[in-house]
Amino acid sequence: MSLLPDRSTLVWPASEDAIRQAADILRRGGLVVFPTETVYGLGADAENPAAVRAMFAAKGRPPDHPVIVHLAHADLIDELAAEVPALARQLAAAFWPGPMTLVVRRNHRVSDLVTGGLETVGLRVPSHPVAQALLRELQKPIAAPSANRFGRVSPTRAEHVIDELAGRVDVILDAGPCQVGLESTIIDVAGPQPAVLRPGVITPEQIASVLKTEVRKPATAAPRVPGCLPSHYAPRARVELVATTELDSRAEELAAAGRRVAVIAREPIAVHDSRIVVLQAPAADSQLARQLYTLLRRADELRCDLILTSLPEGPGLAAAIADRLERAAGPRI
Ligand code: TXA
Ligand code: MG
């Protein structure tokens, strides 16, 4: 199997048979994109250094950015962690399988290639039935970042993956749109106090209620995870964040200056310039989370050079959506 970025990519509906064959391809060192409940992941056998290197090459990801290791079951955490604090077990019992990643101290079985040289590893037990079936069939951990080119918007549909990685992976298992739509909540439990490194659908409030203790939340817009650069999750179009009440006037001003503008708005807005594209976003946070990356990609497909939108307000999922939009609007690499 070729380890160069150049390979022919098969797109398979995620049937039982396709999952069995995909596991075989992983076993032989190949690259398989699979759906999870959050976003699609670009999988490689975590214990095969050549496969992990090929995965980094396919993504165009710098080698010092750690990737998450996916496990079939929470009990397998002991096979890769040097130490599992009691609170990690509490969180695992509460939220796995599900959209949560735990950063723990790693043992010798985890390679430097996967952790980017860090002494910790991010572990996740996904709940998506296809991810579960693939992990169970392979009977090994799967290292998988989101299945996009480095710095770009995570894919939440197989079509997004094709746009990003066709010709760079062996198989894409297609199981339709992802339920959650935002990447997992990352919780660092390797330090003295649990800390949320990346907000997600599992909120600091939910975590605190399981642990019966405060958790540290990330400071807004500060890079808190190695590999979490300010300009992550970015579409090609520039993203500008404006107050809801100014979306229409700012869009008209930019359109008048010759810009091709897309407005992602949660409430109907009236614009009087046919050059402005209004992409209606759902009002409910959970729906917006699910559709956010599709909306950002739609603006690119429509060849808009600027996206205007507003930050949702409030804690929980709204904060996770705001985090991704701030990164999309951040300075570019
Ligand atoms: O929902 C998700 O988490 C998806 C699906 C595929 O599981 N995966 C995902 O992976 O979003 P990726 O590589 O795009 O983002 C993983 C993030 C990176 O920002 C990385 O820096 C951080 O996790 N990370 C991984 N291992 C870490 C570690 N040991 N310490 C701190 N951060 C870590
Ligand atoms: Mg990613």
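Order of appearance sets the numbers: ligands from 1, and atoms from 1 within every ligand.
Checked by distance only, ligand 1 and Thr38 come closer than 3.5 Å through their nitrogen or oxygen atoms. Looking at Arg124 next to ligand 1, an N or O pair under 3.5 Å apart turns up. Residue Thr36 has no nitrogen or oxygen atom sitting less than 3.5 Å from a nitrogen or oxygen atom of ligand 1, judged on distance alone. By the 3.5 Å distance cut-off applied to N or O atoms, Arg61 is counted among the residues near ligand 1.
Residues Tyr293 and Glu183 have side chains that bring a donor and an acceptor to within less than 3.5 angstrom of each other. Neither side chain, Arg266 nor Thr309, offers a donor N or O lying under 3.5 Å from an acceptor on the other. Checked by atom type, the side-chain pair Asp17/Ser15 shows no donor-acceptor distance below 3.5 Å. For the residue pair Ser184 and Thr38, no side-chain donor N or O sits within less than 3.5 Å of a side-chain acceptor on the partner.
Contact between Arg198 and ligand 1 is present, with at least one heavy atom of the residue lying under 4.0 Å from the ligand. For Thr115, the heavy-atom gap to ligand 1 stays at 4.0 angstrom or more.
Residue Val121 has at least one heavy-atom neighbour below 4.0 Å for each of these atoms of ligand 1: 29 (N). Residue-ligand proximity, His70 to ligand 1, at heavy-atom distances under 4.0 Å covers atoms 5 (C), 6 (C), 7 (O). Close approach of ligand 1 to Pro145 is summarised as follows: ligand atoms under 4.0 Å from at least one heavy atom of the residue are 10 (O), 12 (P), 13 (O). Residue Gly122 has at least one heavy-atom neighbour below 4.0 Å for each of these atoms of ligand 1: 26 (N), 29 (N).
Comparing Ile186, Leu197, Thr120 against atom 28 (C) of ligand 1, the shortest heavy-atom distance belongs to Thr120.
Proximity of Ile68 to Pro145: side-chain heavy atoms (C-beta onward) are nowhere separated by under 4.5 Å.
At a cut-off of 2.8 Å, Ser146 coordinates the Mg ion (ligand 2) through an N, O or S atom.
Aromatic rings from Phe150 and His65 are positioned such that their centres are separated by under 6.0 Å.
Screening Glu159, Arg157, Arg236, Arg152 for a side-chain contact (heavy atoms from CB on, under 4.5 Å) involving Arg297 leaves a single residue, Arg152.
Ala88 approaches Val189 most closely through the heavy-atom pair CB-CG2, 3.8 Å.
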